[in-house]
Amino acid sequence: MIERRVAELVREALRASAGELGLDGALPEVEISVPKLREHGDFSTNVALALARRVGRPPREVAEVIAAHLPADPVLARAEVAGPGFLNLFLTDAWLHDALREAVRLGPAYGRAERLGRRVQVEFVSANPTGPLHVGHARNAVIGDAIANVMDAAGWDVQREYYFNDAGRQMELFGASVEARYLQRFGVEAEVPPDGYHGAYIADVAEAIAARHGDALVRLPPEERAARILHEGSALVLDQIKATLERFRVRFDRYLHERELHDSGQVTRAVERLREAGYAYEADGAVWFRATAFGDDKDRVLIRANGAPTYFAADCAYLVDKFSRGFDRLIYVWGADHHGDVARLKGAARALGYDPEVVEIVLYQFVTLYRGGELVRMSKRAGDIVTLDELLDEVGVDATRFTLLSRSNDSPIDFDIELVKRRSMDNPVYYVQYGHARIASILRHAAERGVGLRPIDEVDLAPLATEAERDLLRAIAELPGRVLEAAELRAPHRLAYFAQDLAARFHRFYTECRVVTDDEPLTQARLQLAAGAKVAIANVLGLLGVEAPEAMERLEGDPSDAGA
RNA sequence: GCCCUCGUAGCUCAGUGGAUAGAGCGCCGGCCUCCGGAGCCGGGUGCGCAGGUUCGAGUCCUGCCGAGGGCACCA
């Protein structure tokens with residue numbers, strides 16, 4: 001990557017000027033940034049600013065010294081000292097051409113870093129199997145999925161995992177709710193518990209069980225019946241969740257059931273381990289975790305007075321399980337309503353003897369559904385929800401994913417179904433996809449005219465000289481760095497913005513530069529540029545889980561459609 | 001009350017301590033003999049308030065104001 005090469009040049013210059021600057025000890029970190037203004041060069045570094053105090057000389061003077069020691073390099077055209085002491089570097093076009101060649105040659109692999117040999121687990125969605133997924137889960141799903149994609153591209157070995165909370169009170173309520181509906185279906189008097197689940201989907205689950213067993217379960221002893229229905233009901237919901245996720249293009253390497261942690265004794269062992277470490281104690285008949293030792297507001301219950309372990313106890317067991325699998329990073333994707341649990345989870349990690357820095361929580365704000373400006377109220381208990389499946393039926397996977405990834409995790413999202421459905425500029429996903437389809441169209445057009453893409457190493461790229469062409473080249477060249485950045489910051493939304501930037505630069509290029517002309521060398525160079533842009537857009541969309549179409553339907557009322 | 005997140009253009013939002021803070025939407029005006037006009041070009045207004053750290057603060061720290069969320073032997 002070009003930034004690395006530039007940074008190395010600057011480091012060499014630093015080494016060479018160390019004597020003159022009276023610089024002893026370690027060299028400072030060299031940061032390379034892309035200036036906002038063209039006049040400030042292709043890349044810029046602030047080392048001189050950072051170094052000025054240390055060597056006791058004015059920053060501009062330091063920058064001059066470093067500039068004078070920059071090694072000669074075919075990629076480096078010139079360096080300028082500017083502003084308070086920036087060192088601005090102007091490169092030859094060779095680096096832009098190299099980037100384009102790489103994009104075209106590598107295709108789908110362009111922007112993928114070398115393997116780091118580091119392992120990360122991303123645990124996300126992890127919704128209870130008590131009902132269908134909705135938009136809130138959808139945001140969790142796309143954030144986790146995109147972070148996994150992006151970290152994979154950045155060189156991490158990623159494992160995606162879903163944790164089913166299929167034990168505990170909520171599941172019992174779910175089971176009791178399904179059971180009531182099942183019994184009602186066969187004319188047996190039964191009530192859904194007041195704090196149970198009242199949605200229509202509960203009746204659907206009951207119906208599915210009835211379809212399988214008829215009224216056979218009615219005659220079972222109550223305890224056995226409850227267990228059967230809970231088990232089968234949650235399995236049915238789970239299958240439905242998996243199907244929805246599949247459709248949403250979210251895949252997992254592993255599903256872990258909380259039940260297993262209990263049945264295998266891992267929960268008991270984890271609590272025991274906390275006790276041995278001196279971080280668990282008994283009081284009021286319950287077993288407590290000394291969370292206050294780690295900055296939490298209060299101590300937390302591990303085992304209730306009635307002997308039942310809490311979810312937190314299972315979380316501790318899961319933590320032990322995750323650490324035992326040797327990950328370098330453990331990422332949890334949580335809704336902001338769980339921020340209060342962060343301290344105790346990290347505390348648990350420390351108490352169990354692990355490095356809490358390995359545990360990383362990605363929090364995201366809530367999604368509020370609107371329809372044409374009108375708030376869509378949702379209550380899961382009352383069963384008044386718009387399911388993710390319904391949402392996907394109505395607005396589609398691409399628009400849903402892109403929209404949910406187009407805000408920072410910290411920003412709440414107002415998801416207006418009518419707006420996201422619209423194929424308009426309220427909806428940038430189509431702008432980006434259109435860019436991709438347009439390039440595909442150009443390439444088809446060229447092919448029809450008998451103009452094919454030659455191997456890019458045989459093509460002279462020097463004809464790419466206009467501002468629009470160079471801007472597009474730069475965007476393509478920036479992609480690998482953007483991917484690393486998005487991965488490091490766990491901020492996939494940055495790629496959603498970058499995708500729009502890429503598309504915008506392509507659209508301007510398209511408007512200003514005719515690709516297929518009688519000028520053969522120019523045509524060939526521009527075709528290669530278009531092909532590189534296509535790769536870049538496709539790869540960024542791919543990381544977001546959004547399709548890059550070869551063609552799109554023309555809009556009704558599109559004037560270009562009139563004569564076609 | 002305590003804790004977390006957020007407050008940037010009329011609206012919705014970007015902006016990992018750097019130079020003149022950006023994009024889309026909306027509004028006004030231009031651009032199709034030609035590869036897809038779902039496009040392109042031009043037009044302008046803004047970092048909630050007050051301190052502090054720094055050569056340099058939208059970004060870091062403190063306080064205040066405002067919005068959302070969390071403070072269970074619930075998830």
Side-chain angles (χ1 to χ4, degrees), chain A residues 31 33 35-37 39-40 44 46 49-50 52-53 58-59 82-86 88 127-128 130 165 168-171 173 195 284-288 295-298 300-306 308-312 335-343 363-366 368 406-414 416 419 423-428 430-431 433-435 437-446 448-449 468 485 488-489 491 493-494 496-497 500-501 503-504 506-517 523 526-527 530 551-555 557-561 564:
Chain A
E31 279 179 38
S33 59
K36 273 174 276 193
L37 268 58
E39 307 94 88
H40 293 152
S44 174
N46 64 351
L49 271 322
R53 174 171 293 236
F86 291 104
N88 293 335
N128 288 2
T130 54
N165 288 113
R169 173 103 183 113
Q170 292 306 314
M171 284 312 294
L173 282 172
D195 50 353
D284 305 327
V287 179
W288 297 73
D296 203 350
D297 300 338
K298 53 186 75 171
R300 308 288 173 169
V301 171
L302 288 161
I303 311 285
R304 299 186 188 97
N306 69 7
T310 59
Y311 283 83
F312 176 57
D337 55 335
H338 284 88
H339 80 258
D341 303 343
V342 172
L363 296 173
Y364 61 91
Q365 296 294 319
F366 284 149
T368 312
S406 64
R407 300 267 185 286
S408 94
N409 299 337
D410 288 333
S411 181
I413 294 182
D414 289 338
D416 193 315
L419 287 184
R423 308 200 147 207
S424 71
M425 274 316 304
D426 296 318
N427 202 352
Y430 295 115
Y431 177 82
Q433 289 186 316
Y434 178 56
R438 218 177 191 188
I439 298 171
S441 174
I442 295 176
L443 297 179
R444 283 193 298 269
H445 171 83
E448 280 163 21
R449 302 262 304 248
E485 179 185 77
E488 266 165 40
L489 299 174
H493 76 282
R494 291 198 172 221
Y497 277 87
Q500 292 173 70
D501 188 31
F506 165 73
H507 284 304
R508 187 157 82 90
F509 157 74
Y510 175 86
T511 303
E512 292 182 15
C513 306
R514 194 175 165 82
V515 176
V516 182
T517 64
T523 297
R526 285 181 171 169
L527 278 175
M552 292 169 77
E553 280 175 32
R554 283 167 202 269
L555 264 194
D558 177 352
S560 68
D561 201 22

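Order of the sequence lines fixes the chain letters, A, B, ..., with proteins taken first and strands second; residue numbering starts at 1 for each chain.
Between A/Trp288 atom CH2 and B/rA72 atom P there is a gap of 10 Å when expressed in whole angstrom units. Computed from coordinates, the A/Arg494 CZ to B/rG15 C1' distance equals 7 Å when rounded to whole Å. Atom CG in A/Asp297 sits roughly 13 Å away from atom C1' in B/rA72 (whole-Å rounding). Atom CG of A/Leu489 and atom P of B/rG17 are 9 Å apart (whole Å). With rounding to whole Å, A/Asp410 atom CG is found 12 Å from B/rG69 atom C1'. One can place NE2 of A/His493 at 9 Å from C1' of B/rC13, the figure rounded to the nearest angstrom. Here the P atom of nucleotide B/rA23 and the NZ atom of A/Lys36 are 12 Å apart, to the nearest Å. Between the CZ atom of A/Arg169 and the C1' atom of B/rC73 there is a distance of 12 Å, rounded to whole Å.
Between A/Asn46 and A/Glu31 the shortest side-chain heavy-atom distance falls below 4.5 Å. At a threshold of 4.5 Å between non-hydrogen side-chain atoms, the residues A/Leu527 and A/Leu443 count as touching. In this structure, A/Arg494 and A/Leu489 have side chains that are in contact, with non-hydrogen atoms separated by less than 4.5 Å.
The phosphate of B/rG36 (OP1 or OP2) has a side-chain N or O of A/Ser441 nearer than 4.0 angstrom. For A/Tyr431, a side-chain nitrogen or oxygen approaches OP1 or OP2 of B/rC40 to under 4.0 Å. Between A/Lys298 and B/rA72 there is a side-chain polar atom (N or O) within less than 4.0 angstrom of OP1 or OP2. Under 4.0 angstrom from either OP1 or OP2 of B/rA14 there lies at least one side-chain N or O belonging to A/Ser411.
B/rC71 and B/rU45: their C1' atoms are spaced 41 Å apart (whole Å). Rounded to a whole angstrom, the distance from the P atom of B/rA72 to that of B/rC13 is 30 Å. Using atom P as the reference point in both B/rA9 and B/rG58, the two lie 15 Å apart (nearest Å). Comparing B/rU59 with B/rU54, their C1' atoms sit 13 Å apart, to the nearest whole Å. For the C1' atoms, the distance from B/rC34 to B/rG42 is 24 Å, rounded to whole Å. When the P atom is compared between B/rG22 and B/rG46, the two are found 13 Å apart, to the nearest whole Å. B/rU20 and B/rU12 are spaced 29 Å apart, taking the P atom of each and rounding to whole Å. Comparing B/rG15 with B/rG7, their C1' atoms sit 15 Å apart, to the nearest whole Å.
Taken to the nearest 0.5 Å, the CG atom of A/Asp337 stands 9.5 Å off from the CD atom of A/Gln365. How far CH2 of A/Trp288 is from CZ of A/Phe312: 12.0 Å, rounded to the nearest 0.5 Å. Considering CD1 of A/Ile439 and NE2 of A/His507, their distance stands at 8.0 Å, rounded to 0.5 Å. For the atom pair A/Asp416 CG and A/Thr368 OG1, the distance stands at 11.0 Å (nearest 0.5 Å). To the nearest 0.5 Å, atom CG of residue A/Leu363 and atom NE2 of residue A/His338 are 10.0 Å apart. To the nearest 0.5 Å, the span separating CG on A/Asn409 from NE2 on A/His493 amounts to 7.5 Å.
In B/rC32 the base sits syn relative to the sugar, since the glycosidic angle is no further than 90° from 0.
A/His40 comes within contact range of at least one nucleobase, with a heavy-atom separation under 4.0 Å. Contacts of A/Pro59 with the nucleic acid, taken as non-hydrogen atoms under 4.0 Å apart, are absent. A/Arg508 comes within contact range of the sugar-phosphate backbone alone, with a heavy-atom separation under 4.0 Å but no base atom that close. Nucleic acid contact class of A/Ala336 (heavy atoms, under 4.0 Å, all strands): sugar-phosphate only. Residue-level contact check: A/Glu31 touches neither bases nor backbone, having no heavy atom under 4.0 Å from any strand. In this structure, A/Asn88 reaches the bases: a heavy-atom distance under 4.0 Å links it to at least one base atom across the strands shown. Heavy atoms of A/Asp337 sit under 4.0 angstrom from primed sugar atoms or phosphate atoms, though from no base atom. Across all strands, A/Asp284 comes closer than 4.0 Å to base atoms (heavy-atom distances). A/Leu37 comes within contact range of at least one nucleobase, with a heavy-atom separation under 4.0 Å. Contact annotation for A/Glu485: base contact, defined as any heavy-atom pair under 4.0 Å involving a base atom.
Between B/rG36, B/rU12, B/rC73, one nucleotide has an atom nearer to the side chain of A/Met552 than all others, and that is B/rG36. Closest contact between the side chain of A/Glu39 and the listed nucleotides B/rU20, B/rA72, B/rG39 involves B/rU20. Here B/rG36 is the nucleotide among B/rC40, B/rC3, B/rG36 with the atom lying nearest to any side-chain atom of A/Ala551. The side chain of A/Tyr434 lies closest to B/rG36, out of B/rG36, B/rA75, B/rC35. Of all nucleotides listed (B/rC34, B/rA75, B/rG39), B/rC34 comes nearest to the side chain of A/Arg514. Listed nucleotides B/rG18, B/rG69, B/rC40 differ in distance to A/Phe366; the shortest reach to its side chain belongs to B/rG69. Relative to the side chain of A/His339, the nucleotides B/rA21, B/rG70, B/rC35 differ in distance, and B/rG70 lies closest. For A/Ser44, taking side-chain heavy atoms from C-beta onward, the closest of the listed nucleotides B/rG39, B/rA19, B/rC73 is B/rA19. In this structure, of B/rA19, B/rG15, B/rG39, it is B/rG15 that holds the atom nearest to the side chain of A/Ser408.
Both thresholds, 5.5 Å between centres and 30° between ring planes, are met by A/His338 relative to the base of B/rA75, so the two rings are stacked. Both geometric conditions, a ring-centre gap below 5.5 Å and a plane tilt below 30°, are not fulfilled together for A/Tyr311 over the base of B/rA75.
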> Tell me, what's RNA chain B's dot-bracket, Watson-Crick or G-U with both distances under 3.5 Å, | for other-strand, [ ] crossing?
Replying inline: (((((((..((((....[...)))).(((((.......)))))....(((((..]....))))))))))))....
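Both A/Pro412 and A/Val301 lie near RNA chain B, and the one whose nearest nucleotide falls closer to the 5' end is A/Pro412. Each of A/Ala503 and A/Ile413 was matched to the nucleotide of RNA chain B holding its nearest heavy atom; the match closer to the 5' end belongs to A/Ile413.
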> Is there a side chain to side chain donor-acceptor pair (under 3.5 Å) between A/Ser33 and A/Ser44 once you walk through the steps?
Replying inline: CA-CA 5 Å; A/Ser33 59; A/Ser44 174; 4.6 Å; no
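Side-chain atoms of A/Thr523 come within 3.5 Å of backbone atoms of A/Thr517 as a donor-acceptor pair (strictly under, hydrogens ignored).
Taking a 6.0 Å sphere around CZ of A/Arg169, one finds it holds 12 or fewer heavy atoms contributed by other residues, nucleotides or ligands.
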